[in-house]
Amino acid sequence: MAENSYDLSPEQKNELREEIIYFFQEERGEDLGIIGADTVLDFFLDVLGETVYNKALDDVKRWLTRAVENAESDYYALYKSSR
């Protein structure tokens, strides 16, 4: 499996590992150790990471576009009428 390029802090990786272990225990009744959880995490980062990352960028672009449009409307609302 190729190494993913996502820079997770040790704290983030540990939190995700714990979530994976919990999920396997609660949903599947399976005991999963640290190595197994790391394997699952690496798999999902490799398979889904790029898609989720790109989707997040698309969402940010839509939000930013709306924010700029709102700022432009607010800007023109500041103009004084010459009447």
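Predicted model only: the values in this text are computed from it and were never measured.
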Using a cut-off of 6.0 Å, state whether more than 12 heavy atoms not belonging to [X] lie near its atom [atom1].
X	atom1	answer
Leu48	CG	yes
Glu15	CD	no
Glu30	CD	yes

Heavy-atom distance under 4.5 Å between the side chains of [X] and [Y], does that happen here?
X	Y	value
Arg28	Phe23	yes
Val40	Phe24	yes
Lys61	Leu57	no
Ile21	Arg17	yes

Rounded distance (nearest 0.5 Å) linking atom CG of Leu16 with atom CG of Leu8: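 Separation between the atoms: 6.0 Å.
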Nearest-0.5 Å distance, CG of residue Asn14 to CD of residue Glu19: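 Atom-to-atom, Asn14:CG and Glu19:CD are 10.5 Å apart.
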Closest heavy-atom pair and its distance - Gln12, Asp7: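 Between these two residues, the closest heavy atoms are OE1-O, 4.1 Å.
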Same apolar cluster: Leu32 and Ile34, side chain cutoff 4.5 Å: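 No, it is not one cluster - the side chains of Leu32 and Ile34 are not joined through contacts under 4.5 Å.
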Cluster overlap Tyr22 with Ile20, hydrophobic side-chain contacts below 4.5 Å: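 No: no chain of side-chain contacts under 4.5 Å links Tyr22 to Ile20.
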Single hit among Asp58, Leu64, Val60 for side chain to side chain contact (heavy atoms under 4.5 Å, CB included) with Arg62: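 Going through the options one by one, the only one that passes is Asp58.
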